[in-house]
Amino acid sequence: MSTDEGLELETLLSEEDFEDEPRLISTHYCGPDEAVDMVKAAQLLGLGVRLSNRIRPDEEDPETATEEWVLDILETPPVVEGDE
């Protein structure tokens, strides 16, 4: 017998919980120049983007690391309410 007996999936995951976020189309890992070009292209197409960067340690040389840009292409630009 499972511990979640009697709980309905509809109660846990309603469609309303997902309506706030636009659908993710794809994720790209790139350099800063490519990221800028992809953001411009997304803007022309009316798509949304989420851009972040991170440091990835080199697997062969622990003394070095590279900066990696993560660009999520979204179906529509996210909508924010107020100052977030």
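Heavy atoms only: backbone and side chains are in, while hydrogens, waters and symmetry mates are out.
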For the atom pair [atom1] ([X]) and [atom2] ([Y]), what is the distance rounded to the nearest 0.5 Å?
X	Y	atom1	atom2	answer
Leu24	Arg50	CG	CZ	7.0 Å
Asp58	Thr66	CG	OG1	7.0 Å
Thr76	Glu21	OG1	CD	9.5 Å
Ile73	Ile25	CD1	CD1	7.5 Å

Q. Side-chain heavy atoms under 4.5 angstrom apart, residues restricted to Ile, Leu, Val, Met, Phe, Trp, Tyr: same cluster for Val49 and Leu74?
A.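 Unlinked, Val49 and Leu74 end up in two clusters.
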
Q.
Membership question, hydrophobic clusters at under 4.5 Å side-chain separation (ILVMFWY): are Leu71 and Leu44 in the same one?
A. no

(Q) Among residues at least two apart in sequence or on other chains, which ones pass salt bridge (charged side-chain N to carboxylate O under 4.0 Å, His left out) with Arg54? (A)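 Arg54 satisfies salt bridge (charged side-chain N to carboxylate O under 4.0 Å, His left out) with Glu68 once adjacent residues are dropped.
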
Which pairs would a plain distance check flag for residues 33-42, meaning a side-chain donor or acceptor within less than 3.5 Å of a matching protein atom at least two apart in sequence or in another chain?
residue	atom	partner	partner atom	Å
Glu34	OE1	Gly31	N	3.1

(Q) Please give me the minimum heavy-atom distance between Pro57 and Ala65, naming the atom from each residue. (A) CA-CB, 3.9 Å

